[in-house]
K.L.:
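Once you've had a glance at the structure underneath, I'll fire off some questions.
Throughout, a chain's letter reflects where its sequence line sits, starting with A, and its residues are numbered from 1.
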There are 2 protein chains.
Amino acid sequence: MAANRRPTLADVAREVGVSAKTVSRVLNADGPASAQTREQVLAAVAKLGFQPNLMARNIRVGGPDTTIGLVIPDLGNPFFGAVARSIEDTVHDRSLTLLMGSSADDPDRERALTDKFLARRVSILMVVPSVGADHSHLKAHRTAGLPVVFIDRPGAALATDSVVSSHRTGAHEGVAHLIAHGHRRIGFIGDLPTKLYTRRERLAGYRTALQEADIPYDRSLVANAHDRQGAEAATSQLLGLADPPTALFAGNNIVALGMVTELARSRRKDVAVVAFDDVELGEALEPALTVVAQDPQEIGRTAATIALARLDGDRSRARTITVPTRLIVRGSGERPAAKLINVGGS
Amino acid sequence: MAANRRPTLADVAREVGVSAKTVSRVLNADGPASAQTREQVLAAVAKLGFQPNLMARNIRVGGPDTTIGLVIPDLGNPFFGAVARSIEDTVHDRSLTLLMGSSADDPDRERALTDKFLARRVSILMVVPSVGADHSHLKAHRTAGLPVVFIDRPGAALATDSVVSSHRTGAHEGVAHLIAHGHRRIGFIGDLPTKLYTRRERLAGYRTALQEADIPYDRSLVANAHDRQGAEAATSQLLGLADPPTALFAGNNIVALGMVTELARSRRKDVAVVAFDDVELGEALEPALTVVAQDPQEIGRTAATIALARLDGDRSRARTITVPTRLIVRGSGERPAAKLINVGGS
DNA sequence: TTGAAAGCGCTAACAG
DNA sequence: CTGTTAGCGCTTTCAA
């Protein structure tokens, strides 16, 4: 019943008959302590089930908390999960703990989360910035020494370290792959909102690839989707056009899932596909899915490394580091355009 | 240059010419405050960029911190990502923030994480317990009013709320599905370590399904894998047996990925497959993957709901809630056993 | 409507 | 080797 008060340092001290500071010394291996005292203290700690209050400690010591605040669009998205995992691995031996939250790409939620993290005095702040988010409030913290790193997208109008994939050249490469296999009507299904940095960059890559091949940009071949269901609908919409595409480019991993699912359901094996960002089981599909793979592990590692360097006093200019994407050709991009089927026979 | 000290309540008070308590009152909508004072205070807060130190506040108020500690095996595993997402959604309007860490199923890492979380005075502790982890140290916290919930697996030897999938009956159902389609040599590839609760339960389901069909348990048909590569190897090992299985059961999502990948690579379309836990694109495979789907969203929601009820004073006995799995038949479990091919012709 | 003092749990700085 | 005092930034308590 009794919601017992948690034991404090003073309780332990009283139990042993020493001062609080002595207990503190033993527990933090600060200053010296006789073997006997140490033993008694440890015994009392165990007996009372004492656990030091880290918040109280932090407040006294004054330094930042041993946490790292991470704001991502969706905890459930495997891409960001992989990034988070990699960050955690990288900061593990500095014993930093992850404080995480999903912004759902909503600038207000993002702001609420960063404010909370700042109020907790995180050691490092990492954000996948939402469209329309204002980051001017972070400037003061940055100058006060708080490492701030933007992930996946550069922060708007703020000189801050960023780690991004080569969205544009990656998309370019993926679309060029389709063009190289004879496709001239290539559909593009991208993120929502359309102002999203990643969406704009990837679409830009798509457009330059078309340009280089003298293929006119056809707005009706560009669609949008926010989730898997939306991507399925967009896929069937594009394929239902009067002059439909012979190939499709998926603008992110979620779109890819919907696109592939819809193509499988409608048994459209004739449509070539390349996806931005790899998906699980991509290589087990028939044909296997050709992707422009991002490297979430490297992204996380890089972001964490930069942040730790800043924490250690690195005061150099803010950098934007681009982690290269890699075209993984598995077959789905090579489905023949139009009627060029089986020229070679087999 | 100057690593400026962050402004404190006192700084704001000095700026306005009031006492610290007045500022506190305005900021927390505690007690009354004249419109003029309020305005001045707010202006000063904005000007100085003051952000209250949540740690200091918490220490004084004495209550638990507005965080919820979550220990999972792997931040990068989509299943646990989905669970985390669901927990976050459920606790969102209580404005609790997630403090997360990966245990890698290592009891020592798990203990280190829970200790850290307890030291931070989390409001709620949620753990996917590792094999061999001792949870006796949590008992005192539980009686002191800290809600503790085990996820996916019940905690060893401790009466604590748990939320688990119907591992055993789910596996049973999946294997029975294979048996119903004529299979009698069914391989099982499970988690490592073999003492893992989920692994044991799912294997138990497999065994009872065999028993009910009077199929003898053949130890050589049971293999283990810790990761995707291991699952690929285990798959090819089982298929290389003198008397190989005609069907395979994957004990978890990671194993399923490896198994399906290996089957695709070796073009073994004749092997029937059922997987425990759904995977992305399972329905786009050929044939589409039949799975015993877990419900990570419901698991997360249930765990969070229980914990919040405890936080609100629910003192009823600890419960173990089982979230049902669901057999989703998509085709891969129906590949004919042995030589029963094309009886119907087409 | 406001302020002064005390104290949350802990540690820095100085004694002894 | 150990204890005392003060104080981190905030809120509670009591008084004005």
Side-chain angles (χ1 to χ4, degrees), chain A residues 3-42 44-45 48-66 115-116 118-123 144, chain B residues 3-42 44-45 48-66 115-116 118-122 141 144:
Chain A
N4 281 320
R5 198 176 50 79
R6 304 273 263 279
T8 81
L9 251 200
D11 294 326
V12 177
R14 202 172 311 116
E15 175 84 14
V16 182
V18 296
S19 79
K21 177 66 203 181
T22 299
V23 178
S24 168
R25 270 195 273 258
V26 171
L27 261 38
N28 297 301
D30 191 23
S34 79
Q36 163 159 5
T37 317
R38 136 174 275 93
E39 230 170 279
Q40 290 181 317
V41 166
L42 261 27
V45 164
L48 299 181
F50 168 77
Q51 226 152 357
N53 185 325
L54 212 59
M55 292 188 289
R57 175 176 213 284
N58 258 306
I59 223 201
R60 179 67 253 239
V61 176
D65 192 15
T66 58
D115 277 350
K116 255 193 208 161
L118 292 171
R120 286 178 183 289
R121 304 297 189 259
V122 293
S123 292
Chain B
N4 281 320
R5 198 175 50 78
R6 305 273 262 276
T8 82
L9 252 201
D11 293 326
V12 177
R14 202 171 310 119
E15 176 86 12
V16 182
V18 296
S19 79
K21 176 65 208 182
T22 300
V23 178
S24 168
R25 269 195 275 259
V26 171
L27 262 37
N28 297 303
D30 191 25
S34 78
Q36 163 159 5
T37 318
R38 139 176 273 90
E39 230 170 279
Q40 290 181 317
V41 166
L42 260 28
V45 164
L48 299 181
F50 169 76
Q51 224 151 359
N53 185 325
L54 213 59
M55 292 189 289
R57 174 175 215 284
N58 259 306
I59 220 194
R60 180 68 250 242
V61 175
D65 192 16
T66 58
D115 277 351
K116 254 193 207 163
L118 292 170
R120 286 176 184 289
R121 302 296 188 261
V122 292
H141 291 96

K.L.:
Could you state the CZ-P distance from A/Arg38 to D/dT2, rounded to the nearest angstrom?
P.N.:
10 Å
K.L.:
With a 4.0 Å limit, can you tell me whether B/Ser34 has a side-chain N or O closer than that to the phosphate oxygens OP1/OP2 of C/dT2?
P.N.:
yes
K.L.:
What contact category does A/Ser19 fall into here, base, sugar-phosphate, or nothing, at under 4.0 angstrom with non-hydrogen atoms?
P.N.:
base
K.L.:
From D/dG9, C/dA4, C/dT1, pick the nucleotide closest to the side chain of B/Pro32?
P.N.:
C/dT1
K.L.:
If you look at every heavy atom in B/Leu9 and B/Ala20, which pair is closest and at what distance?
P.N.:
CD1-O, 3.8 Å
K.L.:
With a 4.5 Å cut-off on side-chain heavy atoms, are A/Thr66 and B/Arg120 touching?
P.N.:
yes
K.L.:
How close do A/Val16 and A/Val41 get, heavy atom to heavy atom, and via which atoms?
P.N.:
CG2-CA, 4.0 Å
K.L.:
Is the phosphate of C/dT2 approached by B/Thr22 (side-chain N or O, under 4.0 Å from OP1 or OP2)?
P.N.:
no
K.L.:
How far apart are the closest heavy atoms of A/Pro52 and B/Arg121, and which atoms are they?
P.N.:
O-NH1, 3.6 Å
K.L.:
Would a 4.5 Å heavy-atom cut-off, applied to side chains only, mark A/Asp30 and A/Lys21 as touching?
P.N.:
yes
K.L.:
Measure CG/B/Asn53 against P/D/dG7 and give the value in whole Å, please.
P.N.:
19 Å
K.L.:
Could you state the CE-C1' distance from A/Met55 to D/dC10, rounded to the nearest angstrom?
P.N.:
12 Å
K.L.:
Applying side chain to side chain donor-acceptor pair (under 3.5 Å), which residue pairs with at least one partner in residues 49-63 of chain A are found, sequence neighbours left out?
P.N.:
A/Gln51-B/Asp115, A/Gln51-B/His141, A/Asn58-A/Asp65
K.L.:
Would you mind reading off the distance between A/Glu39 atom CD and D/dC1 atom P, rounded to a whole angstrom?
P.N.:
15 Å
K.L.:
Using whole Å, what does the distance between atom P of nucleotide C/dG7 and atom CG of B/Asn58 come to?
P.N.:
21 Å
K.L.:
Which letters describe nucleotides 11-16 of chain C, given B = protein heavy atom under 4.0 Å from base, S = only from sugar-phosphate, - = neither?
P.N.:
BB----
K.L.:
Give the minimum heavy-atom separation between A/Phe50 and A/Thr8, together with the two atoms involved.
P.N.:
CE1-C, 3.4 Å
K.L.:
Over how many whole Å does the gap from A/Asp11 atom CG to C/dC8 atom P extend?
P.N.:
11 Å
K.L.:
Roughly how many Å is it from CD1 in B/Ile59 to P in C/dG9, rounded to a whole number?
P.N.:
7 Å
K.L.:
Nearest whole Å is fine: how far is D/dT2 P from A/Gln36 CD?
P.N.:
9 Å
K.L.:
Look at B/Thr37 and C/dT2 and indicate whether a side-chain polar atom (N or O) is within less than 4.0 Å of OP1 or OP2.
P.N.:
yes
